[in-house]
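Data first, discussion second: the structure below is written as structure tokens.
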Amino acid sequence: MEQSKYDFKKIEEKWQARWRDEGLFGTPDDFSREKYYLLEMFPYPSGKLHMGHVRNYSIGDVATRFLKMKGYNVLHPMGWDAFGLPAENAAIQNGVHPYSWTKDNITAMHRQFERLGLTYDWNREVATCNPDYYRWTQWIFIQFYKNGLAYKKKNPVNWCPSCETVLANEQVSGGVCERCGTPVGKRDLEQWYLKITDYAQRLLDDIDRLDGWPDKVKLMQRNWIGRSTGAEADFAIKGFDKKLRIFTTRPDTLFGVTYMVLAPEHPYVKELTDGTEYEGKVADFLHNLQYLSDIDRSSATIEKEGLFIGRFAVNPMNGRDVPVYIANYVLMDYGTGAIMAVPAHDTRDFEFAVKYGLDIVPVIDPNDPDIDLDDLKEAFVAEGTMINSGDFDGMNSRDGVDAVSAYLEEKGIGERTVNFRLRDWLISRQRYWGTPIPMIYCEKCGWTPEKEENLPVLLPTDVEFTGKGESPLTTSKTFRETSCPVCGGSAEREIDTMDTFLDSSWYFLRYTDARNDEEIFSPENARYWMPVDQYIGGVEHAILHLLYARFFTKFLYDIGRSPVDEPFSRLLTQGMVLKDGAKMSKSLGNVVSPEEIIDKYGADTARLFILFASPPEKELEWSDRGVEGSYRFLNRVWRIVTELNEEFGYADADASGAALTPEDRELDRARNYAVKKVGNDIGERFNFNTAISAIMEFVNALYRYREAAASPNAGLVRDSVRDLILILSPFTPHLCEELWDITGHEETLCTAPWPEYEEAALASDEIEIVVQVNGKVKGKFNADSGLDAAGLVAAAADCGLLDRLTAGKEVAKTVAIPDRLVNIVLK
RNA sequence: GCCGGAGUGGCGGAAUAGGCAGACGCACCGGACUUAAAAUCCGGCGAGCCGAAAGGUUCGUACCGGUUCGACCCCGGUCUCCGGCACCA
């Protein structure tokens, strides 16, 4: 007999063409069916898939195919996060327009997706750089503006004096320009912000509702939002008519304030020092600070530097005069930009006080004999008893927080407040390849949004890419000049574009109605499809992307657009793909190309290996040997299925006829177990590695059966082969389609239902019971299943095990767990 | 520094609810097939000790301790690695 061969190349091309030509992956907006929205984070179209993509999209594809077999109407769309710096760099370096560069990359990646056999509904494809998409990104921005959540503020940007251009933070490393190595300076520019801080509390509170999210991600978001409670308090400054307001989380330490510190950029600094002998020193101090990059400035390792500015403040609690400093460790954009310093009970203040010889006055007693309050070696930051604190002496410091806050409120010199670490979102980018900010400036009317009916504000094409200047958009002859939407007079467009994170903050909503050119999406479609039931992507997006997407969804909900205020019900963050223990990277030379693997072993093998080697959320160590193992397994499947098919055919057998032999029953149990286990592992646990091992066990059982059965049951074999193909098909769809075809099925697997299993076939009459002595396994025996504790002990006694194990010893008690074990506890 | 997560054979990993530790795969070893090799099929494979063998026995889930009839799993402490935040007052 001629042996047929597993020709993956031919098989994969054949089925990919059929899936494409027959449009099998389209998703109808059929509101009568139960929906499932499964989404993987869309990629930046770099032009080449890497193994991380393969992993991400394989996970999503297996789940999609499974859910379709389970009968859901599954939305599984794909698109492109297509704006961004690499396209612009390509334009500068090679003279290619970012648009054509991006288009070419999309085409190439689309082809690679198809080669992996992924089931996307390409009818809903979006690319954030297309005007029919970014039109709505602009529309959302205008809604933000109209609701008072977008505003303009002066802010320093990174500026490379040699390249004469603005640099993104990612383009600055170690304080120097990534391209030319010149130290990066600062330039003040008017920039747009979104008021995400208005949503801080809700973004924090609603994390509690995200049951399907990993705790790790929720925690990272909580920390990022960084809520802290405390109080603000006013300090008088001698010879100055304004009060200095500070924020503290430790009002209980107010009596221990021995100096004050303002951020160097604090507006009072100029007023307090102009015309004094300190004016020059302050100017020098500020000048030196400007040479530090943001990263250095905010690093905890940097030496604390400060300067006394010749003024004294008054501690409102005890009237004590304390000197006022400016220092590099106080940030203007947190709290009020000024602090009260309590060196005895704050690590940073302690360090600063020691360096500058400032007083250290303890006001919290640790009640610890090992700590000498008169000679502190480090700040004591924990709770204790209040001392040196007037009427508050003797109070527990935790109660003191509230008591002092109440006192401040009563005296009208302060109040309880909440502060967030989260800052407003700076969205202006001095770049070409992004969504134009649809704002217009008129001398008379100020800033106004473009009229909504005029959207999109198109990116102009008459632009030069020199790599210099503020933004390439300034070189356009046509873009900047326009007329004011309010008065009709001459006006100028905003030349900055948006941070690309805005583009990706709402794309999941657009998929629900991607071709709509009347509105952003229809409410009916969004109501049916949202929320995303399962979102899958890299953990590197745990904070920014996922927080921004939540923010956008909440805003769109508030203005009556989105039907939900949280976008993603369940989140899976897949682990990285490693090689030799390190992330694959060009510089390490450990990159494995997906295309090469597909050429050599086929997409099915690549998918199978990557899902088998590790659970999805964990890191995956690439192994060439492991890939060969997966390939070997698929050949093994091919062989057993085609051989059994030759031998038994598929059409005429019936399993129910003959009585089952023990071998038959074992195979039947293996089949039912595999169907149950694989369905559970994919559907409930998202543990694809154990699902695959269960399929391997089933295949092993088939081989064993063929070896052992004297007169094989043809019906049973047929059912086993059928179910094997079905449960393997989400993982390796091409191979399974081919086998499905070979074993006589007309319809494609895309429309086949997931197989059923019988619980009855899984149960066996006899169960092996473990017998332990003091918790250690000493023997085993077979008992009827379902025996209660007493019955089990009796059965163990009947077979003589109990006597043998307890001979000459006294039994304290016996524990029996039905269908599992008997444990004898000896005295 | 603060906050998380993880440590299981030579390797990737399994043990879903506190109940036989090591499923499945890789590597390795042996057998069958073959003139031979590859491929394939079958079998073995945590460590120590006793035994010619069958088998027996002790130890074993980073380390120390606890709870429990019973702990990879729960609790307390320690170490190591990974990740997040990093002067946030």
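All values derive from a computational prediction rather than experimental measurement. Proteins come first, then strands; the chains are lettered A, B, ... in the order of their sequence lines, and each starts at number 1.
Nucleotide B:G46 forms a Watson-Crick or G-U wobble pair with B:C59, both donor-acceptor distances falling under 3.5 Å. Base-pair partner of B:A38: not found among the strands shown (Watson-Crick or G-U wobble, both distances under 3.5 Å). Remark: B:A52 base-pairs with no nucleotide in the shown strands. Criterion, Watson-Crick or G-U wobble with two distances under 3.5 Å. The pairing partner recorded for B:G65 is B:C75, the criterion being a Watson-Crick or G-U wobble arrangement whose two distances lie under 3.5 angstrom.
Rounded to a whole angstrom, the distance from the C1' atom of B:G70 to that of B:G18 is 8 Å. Rounded to a whole angstrom, the distance from the P atom of B:G60 to that of B:A47 is 16 Å. Here, B:G7 and B:G12 have their P atoms 12 Å apart, quoted to the whole Å. Rounded to whole Å, the C1' atom of B:C29 lies 40 Å from the corresponding atom of B:G83. Nucleotides B:G10 and B:U58 have their C1' atoms positioned 23 Å apart, rounded to a whole Å. Rounded to whole Å, the separation between the P atoms of B:U68 and B:G44 comes to 41 Å.
For an aromatic pair to be called close, the ring centres must be under 6.0 Å apart, and A:Tyr601 with A:Phe8 fails this.
Under 3.5 Å, the side chains of A:Asp215 and A:Trp213 contain no donor-acceptor pair of N or O atoms. A donor and an acceptor atom, one from each side chain of A:Gln574 and A:Arg55, are nowhere located under 3.5 Å apart. Remark: the A:Tyr193 side chain and the A:Asn155 side chain contain an N/O donor-acceptor pair separated by less than 3.5 Å. Side-chain N/O atoms of A:Asp424 and A:Thr197 include a donor and acceptor closer than 3.5 Å. At a cut-off of 3.5 Å, with distance as the only test, no side-chain donor of A:Tyr705 or A:Asn700 sits close to an acceptor on the other residue.
Look at CD on A:Glu621: it is 15 Å from P on B:A27, rounded to the nearest Å. Straight-line distance from the CZ atom of A:Phe609 to the P atom of B:C26: 11 Å, rounded to whole Å. Distance CG (A:Asn680) to C1' (B:A17): 13 Å, rounded to an integer number of Å.
Side-chain atoms of A:Arg820 lie closest to B:G19 of the nucleotides B:G19, B:G25, B:A27. Out of B:G25, B:C42, B:A15, the shortest distance to the side chain of A:Thr690 is found at B:A15. Side chain of A:Asn700, nearest nucleotide from B:C24, B:A89, B:C42: B:C24.
Base engagement by A:Arg423 is indicated by at least one non-hydrogen atom pair under 4.0 Å involving a base atom. A:Asn635 comes within contact range of no nucleotide atom at all, as no heavy-atom separation falls under 4.0 Å. At the heavy-atom level, A:Gln772 lies under 4.0 Å from base atoms of the strands shown. If you check every strand for non-hydrogen atoms under 4.0 Å, A:Asn823 touches a base. Using a 4.0 Å heavy-atom cutoff across all strands shown, A:Gly335 reaches no nucleic acid atom at all. Across all strands shown, A:Leu821 has heavy atoms under 4.0 Å from base atoms, whether or not it also approaches the sugar-phosphate. Within 4.0 Å (heavy atoms only), A:Ser228 reaches sugar-phosphate atoms of the nucleic acid but no base atom. Residue A:Val825 is classed as a sugar-phosphate contact, given heavy-atom separations below 4.0 Å to backbone atoms only. Contact annotation for A:Ser623: no contact, since no heavy-atom pair falls under 4.0 Å across all strands. Within 4.0 Å of A:Glu684, counting heavy atoms only, lies no atom of the nucleic acid at all.
Applying the 90° cutoff around 0 to the glycosidic angle, B:G60 is assigned anti.
Between B:A89 and A:Tyr329, no contact under 4.0 Å exists linking OP1 or OP2 to a side-chain N or O.
At a cut-off of 3.5 angstrom, the base of B:U16 holds at least one donor-acceptor pair with the side chain of A:Lys677.
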